[in-house]
Amino acid sequence: MKILLATYWLLPHVGGVWTYMKGLKRGLEQLGHEVDILARDPDDRHYYLLNKHKGVPKESIVEPVRQLVRDHYKKHLPHVGNWIIEQEVERNSFELAALYFGLKPYDLIHTQDAISTRALWRVKPSATPLVATIHGCLAAEYLTFLGTKSPPNDIVWAYTVAREYYGSTSSHLTICPTHWLKNMLADDYRVPSEHLRVIPYGLDIDKFKQRMEQGPTVDRPMDRWVLACPARLDVVKGHRVLLDALAELKRDRTDWVCWLIGGGNQRDALAKQAEQLGLSDHLVFWGDRPDVPSLLNQADIFVLPSLTDNQPYAIMEAQIAGKPVIVSDTGGIPEMVEQYETGILAKTGESHPLYQNLKDVMDNHVLRLYLVEKAKEFAETQWSLSTMTERTLEVYRDVMMGGGEQDG
């Protein structure tokens, strides 16, 4: 088959979507399929077929679209604010970019987010099957960003909910990596449960181990514990909770340093918080790096205090690397971590339980070794790339056998 993997997000980038797409592309190609990737480039200046280095300047598409969309909303929906208008500009522009590159050569399209799913469903050939994978819930992340669990009663929230629904249903079948996400889409956003199928992520374990064992790229302190938190510096990843937990830990012991691995818009705010808590000497902001497996290999403990998350690759990698895993109990994470077996779960958003878990693992040598042994054993069987690839191909076969007529 000739398959198009498509996403609205920037590629390549540090994050789960890119890891998933790279792994799936590799797995499919090993089985003889031809795979292209459509995305925006890292500078957000071009739409391009990443593997073919064929692109079109984004500005040449977006600017004419923006004027048309603005005129439409001004005439028909003048009360709609600029944020929604820009979201519509982006989706319509992505549609035109997909048409520019051409969708007819592909036997199947596999989109990777709500925006690209809705966009390509509208413009693809009617006979071409489209499968979507939804890697997270944009609406849930929006509520986390607002700092509330109660949805606002405004047009932006209505638009966000509609985007979630149409982004999950504009396909012949939609894959979710976790039961948590499937249940959320079905229960909160009215996506038909039968339209959703759960396929956990997979990882090229041998390749990850090779990268992990390439050797140290930085000098780790030999007289300190190294705590590693590889996650983009974003509100939803819960770094502020982690820093509060580390402030408690510092009152007990000072023989540690925490590596924050990843870039993001919270860098300055977290540095300020660290200074206020007296943690500046105990934190290293590494930013985005290509050597995360090596850094993780040098660490003693993995910690991820997400406020909302689906199935973080970082947890999978930490288990493969044989690190004690200390994480929050949000989203799909409890499907990855069995309490005091393959890791330790802390109450989401609460710093004291996180501190206690860190302290327990540092103080208890037997517990630490047990967590490592069980996590590695679990990871070797659970996170197989070949298993994920084959289960995804089963979905492809199902939608192709069921016909490719577009329903709307």
Side-chain angles (χ1 to χ4, degrees), residues 13-16 144-145 147 212 216-309 312-315 317-318 321 323-328 330 333 343-363 368 371:
H13 69 87
V14 177
T144 300
F145 174 77
M212 186 179 72
T217 52
V218 299
D219 293 327
R220 63 151 288 163
M222 300 310 297
D223 58 345
R224 290 185 175 191
W225 294 77
V226 174
L227 318 179
C229 179
R232 71 183 188 275
L233 303 181
D234 188 285
V235 171
V236 299
K237 293 299 182 180
H239 292 89
R240 296 186 68 85
V241 177
L242 174 59
L243 265 56
D244 286 339
L246 293 177
E248 286 194 70
L249 183 64
K250 186 184 175 186
R251 291 196 285 269
D252 286 331
R253 55 194 304 166
T254 59
D255 59 338
W256 56 270
V257 62
C258 184
W259 289 355
L260 301 182
I261 307 168
N265 57 23
Q266 291 293 298
R267 170 66 173 80
D268 292 342
L270 291 171
K272 183 177 180 180
Q273 182 187 0
E275 184 178 358
Q276 292 170 343
L277 295 172
L279 293 175
S280 297
D281 293 338
H282 288 269
L283 292 180
V284 178
F285 289 88
W286 284 117
D288 289 328
R289 295 180 63 100
D291 56 350
V292 175
S294 179
L295 292 176
L296 185 58
N297 192 38
Q298 295 177 73
D300 299 298
I301 297 172
F302 169 91
V303 58
L304 184 67
S306 299
L307 302 181
T308 182
D309 228 324
Y313 270 95
I315 295 177
E317 293 169 349
K323 305 300 170 181
V325 168
I326 301 175
V327 292
S328 58
T330 190
I333 292 177
I344 303 180
L345 297 162
K347 185 71 174 177
T348 301
E350 297 186 11
S351 60
H352 183 72
L354 186 62
Y355 144 75
Q356 191 63 59
N357 290 343
L358 288 167
K359 184 176 183 298
D360 289 347
V361 169
M362 295 170 78
D363 290 346
R368 195 165 60 251
L371 292 172

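The figures that follow rest on heavy atoms only: side chains count, while hydrogens, waters and symmetry mates do not.
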Exercise. Roughly how far, to the nearest 0.5 Å, is CZ of Arg267 from CG of Leu233?
Worked result: 8.0 Å
For this session: For Glu275, look at atom CD and say whether over 12 heavy atoms of other residues, nucleotides or ligands are found less than 6.0 Å away.
Result: no
For this session: Check whether any side-chain heavy atom of Asp223 lies under 4.5 Å from a side-chain heavy atom of Asp255, and answer yes or no.
Result: no
Problem set entry | Distance-only donor-acceptor check, side chains Asp309 and Ser306, under 3.5 Å | yes
Exercise. Are any side-chain N or O atoms of Thr330 and backbone N or O atoms of Thr348, one a donor and one an acceptor, separated by less than 3.5 Å?
Worked result: no
For this session: Please round to the nearest 0.5 Å and tell me the distance separating atom NZ of Lys272 and atom OG of Ser280.
Result: 13.0 Å
Exercise. Can you find a pair of side-chain heavy atoms, one from Val257 and one from Leu227, that are under 4.5 Å apart?
Worked result: no
Exercise. Between the main-chain N or O of Leu279 and the side-chain N or O of Lys250, is there a donor-acceptor pair closer than 3.5 Å?
Worked result: no
Problem set entry | Pair Ile344-Val325, side chain to side chain contact (heavy atoms under 4.5 Å, CB included): steps then yes or no | CA-CA 6 Å; Ile344 303 180; Val325 168; over 6 Å; no
For this session: Flag the pair Leu283 / Leu246 as yes when at least one side-chain heavy-atom distance between them is below 4.5 Å, and no otherwise.
Result: yes
For this session: Under the ring-ring contact (aromatic ring centres under 6.0 Å, His included) rule, collect the residues that match up with Trp225, sequence neighbours excluded.
Result: none
Exercise. Between the side chain of Lys323 and the main-chain N/O of Ala299, is any donor-acceptor distance below 3.5 Å?
Worked result: yes
Exercise. Once the angle between the rings of Trp256 and His282 is folded into 0 to 90°, is it parallel (under 30°), tilted (30 to 60°) or perpendicular (over 60°)?
Worked result: tilted
Exercise. So, Arg232 side chain and Gly262 main chain: donor-acceptor pair closer than 3.5 Å or not?
Worked result: no
For this session: Supply the atom-to-atom distance His352 NE2 to Asn357 CG, rounded to the nearest 0.5 angstrom.
Result: 9.5 Å
Exercise. Less than 4.5 Å apart, any side-chain heavy atom of Leu260 and any of Leu242?
Worked result: yes
Problem set entry | Nearest atoms (heavy-atom pairs only) where Pro221 meets Trp259 | CD-CZ2, 4.3 Å
Exercise. Between SG of Cys229 and CG of Leu243, what distance do you get to the nearest 0.5 Å?
Worked result: 9.5 Å
Exercise. Can you find a pair of side-chain heavy atoms, one from Val327 and one from Val303, that are under 4.5 Å apart?
Worked result: no
Exercise. When rounded to the nearest 0.5 angstrom, what distance separates OG1 in Thr254 from CG in Leu249?
Worked result: 9.5 Å
For this session: Determine whether the side chains of Tyr355 and Asp244 contain a donor N or O and an acceptor N or O closer than 3.5 Å.
Result: no
Exercise. So, for Leu345 and Ser328, which heavy atoms are closest and what is the spacing to 0.1 Å?
Worked result: CD2-O, 3.7 Å
For this session: Would you mind listing every salt bridge (charged side-chain N to carboxylate O under 4.0 Å, His left out) that reaches into residues 345-360, with sequence neighbours excluded?
Result: Lys359-Asp363
For this session: Might you point out which heavy atoms bring Gly263 and Asp288 nearest each other, and give the distance in Å?
Result: N-OD1, 2.8 Å
Exercise. With no hydrogens and no angle check, do the side chains of His239 and Gln266 hold a donor and an acceptor under 3.5 Å apart?
Worked result: no
Problem set entry | Lys/Arg-Asp/Glu bridge criterion (N-O < 4.0 Å) met for Arg220, Asp300 | yes
Problem set entry | Minimum heavy-atom distance between Gly349 and Leu307, given as atom pair plus value | CA-CD2, 3.9 Å
Exercise. Under a 4.5 Å cut-off applied to non-hydrogen side-chain atoms, are Asp291 and Gln298 in contact?
Worked result: no
Exercise. Are side-chain heavy atoms of Pro230 and Leu295 found at a separation under 4.5 Å?
Worked result: no
For this session: Could you tell me whether the side chain of Phe302 reaches within less than 4.5 Å of the side chain of Leu296, counting heavy atoms only?
Result: yes
Exercise. Do you know the tightest heavy-atom contact between Ile301 and Met362?
Worked result: CD1-CG, 3.5 Å
Exercise. Closest approach of Ser351 and Ala245, non-hydrogen atoms and distance?
Worked result: O-CB, 3.3 Å
For this session: Check the surroundings of atom CG in Asp219: do more than 12 heavy atoms from other residues, nucleotides or ligands lie under 6.0 Å from it?
Result: no
